[in-house]
Amino acid sequence: MNCDKNDLLLYAVTDRHWLDGRRLIDVVRESLDGGVTMVQLREKTLEEGKFLEEAKELQTLCREHGVPFLVNDNVEIAREMNADGVHVGQSDMEAQDVRAILGPDKILGVSAQTVEQAVLAEKHGADYLGVGAVFPTGSKDDADDVSYETLKAICGAVSIPVVAIGGITQENVAKLAGSGICGVAVISAIYAAKNIQQASADLKAATEKMLHD
C-alpha cells in the first residue's frame, strides 16, 4: 500500500467554484497551513495545458508541506508530471488499468458506493477508497447517498483505508464516529470558508475527536 492512513485524516479536494477571485494556489496554501493532510486537484473543465501547469505548481507546494498530491481522473497528466497519485470514480478508467499506467508505487484512490465496488477496487490495486456521499452535497452532481450502515459495512469488508466524502462539515462529522473510516474528504467545508486556514484547523480537530470517540 502506497499511502499512510494518517495522510487521509483531512483530505482536501479543490474546486475553483469557490475561488471568488482568489488564486487556487493561495487557497490551497491556506488549507495546508491549517493542517490538511492530502490534496486532490479536481478540474473537470480546464484545458490540458492549464491543468498541467496548475498541477505542477500545486505539487511543488504540497511537497514543501510534506503532503501527498493527487490528480482527479486525469491519469495521463498525473503520469506526465509525476504526481503522487490519482483518484478515479466508478465511471472513469478501471482501477487495474490505472494501476498498470501509474506503476506499483503511486497512490491510487477509488470512489465506491457499495461493498461490491469496494472489494473489487481493493482487488484491482486501490490504496484507499473514497466513500459517499455520506451527507447531502451540492459539490458533486453524480454523488449517490451512502448510508452510515453501508459506510460501516464497506470499512469492514476491505483492509485498505476508507475516507468518507460528501457534505461533511465541522458540525456533522461526529455522526461518522464508529464507522471505521480513517478520515474525511471535503471540498466546500474548507474552500468555501472565509478563513480557510481556520476552517481546516477546526475540521481537523473535530475529525480527530470523532475518530477517537
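Here the structure is a predicted model, which is why all the values come from computation and not from measurement.
Using a 4.5 Å heavy-atom cutoff, the side chains of His65 and Val36 are not in contact. Contact of the Leu10 side chain with the Val186 side chain is registered, since non-hydrogen atoms from C-beta on lie closer than 4.5 Å. Proximity of Glu57 to Leu61: side-chain heavy atoms (C-beta onward) are nowhere separated by under 4.5 Å. The closest side-chain heavy-atom distance from Val110 to Gln90 is below 4.5 Å. With contacts defined as side-chain heavy-atom distances shorter than 4.5 Å, the pair Val163/Ile181 does not qualify. Between Arg63 and Asp84, some side-chain heavy-atom pair lies under the 4.5 Å cut-off. Two residues are said to be in side-chain contact when any heavy atoms from C-beta on lie closer than 4.5 Å; Trp18 and Ile187 meet this criterion.
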Check: Going through the checks in order, is the side chain to side chain contact (heavy atoms under 4.5 Å, CB included) test met by Phe135 and Leu176?
Finding: CA-CA 10 Å; Phe135 300 115; Leu176 301 173; 4.1 Å; yes
Margin query: Under the criterion salt bridge (charged side-chain N to carboxylate O under 4.0 Å, His left out), I'd like the reasoning laid out for Asp213 against Lys209: C-alpha separation, chi angles, the key distance, then a yes or no.
Written below: CA-CA 6 Å; Asp213 279 352; Lys209 183 176 186 307; 3.4 Å; yes
Item checked: Criterion salt bridge (charged side-chain N to carboxylate O under 4.0 Å, His left out) on Arg79 and Glu76, from CA distance to verdict -> CA-CA 5 Å; Arg79 182 172 67 169; Glu76 289 307 324; 2.9 Å; yes
Next item on the list: Under the side chain to side chain contact (heavy atoms under 4.5 Å, CB included) rule, what do Glu30 and Asp33 come out as? Steps first, then yes or no, please.
Entry: CA-CA 5 Å; Glu30 286 176 46; Asp33 289 342; 5.6 Å; no
Note to self: Test side chain to side chain contact (heavy atoms under 4.5 Å, CB included) on Glu43 and Leu24; report intermediate values, then the result.
What the structure shows: CA-CA 11 Å; Glu43 290 287 7; Leu24 189 65; 4.0 Å; yes
Note to self: Does Tyr128 form a side chain to side chain contact (heavy atoms under 4.5 Å, CB included) with Ile160? I'd like the steps, not just the answer.
What the structure shows: CA-CA 5 Å; Tyr128 75 87; Ile160 54 176; 5.5 Å; no
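Under the 3.5 Å distance criterion, with hydrogens and angles disregarded, no donor-acceptor pair is assigned to the side chains of Gln59 and Asn82. His17 and Tyr191 form no side-chain donor-acceptor contact under 3.5 Å, judged by distance and modelled atom types alone.
Exactly one residue among Leu9, Leu8, Asp7 makes a side-chain contact (heavy atoms from CB on, under 4.5 Å) with Cys182. That residue is Leu8.
Scanning all heavy atoms of the two residues, the minimum distance from Ala78 to Gly85 falls at CB-O, 4.2 Å. Shown here for Ile107 and Pro68, the closest heavy-atom pair between the two residues is CD1-CB, 4.0 Å. For the residue pair Ala206 and Gln170, the shortest heavy atom distance occurs at CB-CG, 4.0 Å. Contact between Val39 and Tyr11 at its shortest, heavy atoms only, is C-CE2, 4.1 Å. Minimum heavy-atom separation, Ala185 to Ile168: O-CD1, 4.1 Å. Contact detail for Leu41 and Glu54: the closest heavy-atom pair is CD1-OE1, 3.4 Å.
The main-chain N or O of Ala189 is never found under 3.5 Å from a side-chain atom of Thr169 such that the two would form a donor-acceptor pair. With hydrogens and angles ignored, the 3.5 Å screen pairs no side-chain donor or acceptor of Asn74 with any backbone N or O of Glu48. The backbone N or O of Ser159 sits less than 3.5 Å from a side-chain atom of Glu122, completing a donor-acceptor pair. Put simply, the side chain of Gln113 gets close to the backbone of Gly132: a donor and an acceptor are under 3.5 Å apart. Checked by atom type and distance alone, the side chain of Asp15 never pairs as donor or acceptor with a backbone atom of Arg42 at under 3.5 Å.
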Under 3.5 Å, which donor-acceptor pairs link side chains of residues 92-102 to any protein atom two or more places apart or in another chain?
{"residue": "Asp92", "atom": "OD2", "partner": "Gly89", "partner atom": "N", "Å": "2.7"}
{"residue": "Gln96", "atom": "OE1", "partner": "His124", "partner atom": "NE2", "Å": "3.3"}
{"residue": "Arg99", "atom": "NE", "partner": "Gly125", "partner atom": "O", "Å": "3.4"}
{"residue": "Arg99", "atom": "NH1", "partner": "Gly103", "partner atom": "O", "Å": "2.9"}
{"residue": "Arg99", "atom": "NH1", "partner": "Lys106", "partner atom": "O", "Å": "2.8"}
{"residue": "Arg99", "atom": "NH2", "partner": "Lys106", "partner atom": "O", "Å": "3.4"}
{"residue": "Arg99", "atom": "NH2", "partner": "Gly125", "partner atom": "O", "Å": "2.9"}
{"residue": "Arg99", "atom": "NH2", "partner": "Asp127", "partner atom": "OD2", "Å": "2.7"}

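One distance of note links CG of Leu151 with CG of Leu129; it measures 10.5 Å at 0.5 Å rounding. Here Asp26 contributes atom CG and Ile196 contributes atom CD1; the two are 9.5 Å apart, rounded to the nearest 0.5 Å. With values rounded to the nearest 0.5 angstrom, Met38 atom CE is found 11.5 Å from Phe69 atom CZ. Atom-to-atom distance recorded for Ser111:OG and Asp73:CG is 8.0 Å, nearest 0.5 angstrom. Between the CD atom in Glu47 and the CG atom in Leu52 there is a gap of 10.0 Å [rounded to 0.5 Å]. Between the CZ atom in Arg29 and the SG atom in Cys62 there is a gap of 10.5 Å [rounded to 0.5 Å].
Cluster membership for Leu120 and Val162, using ILVMFWY side-chain heavy atoms within less than 4.5 angstrom, is not shared. Under the 4.5 Å side-chain heavy-atom criterion for grouping Ile, Leu, Val, Met, Phe, Trp and Tyr, Ile25 is connected to Met81 within one hydrophobic cluster.
Using a cutoff of 4.0 Å between basic side-chain nitrogens and carboxylate oxygens, Glu53 and Lys50 are not scored as salt-bridged.
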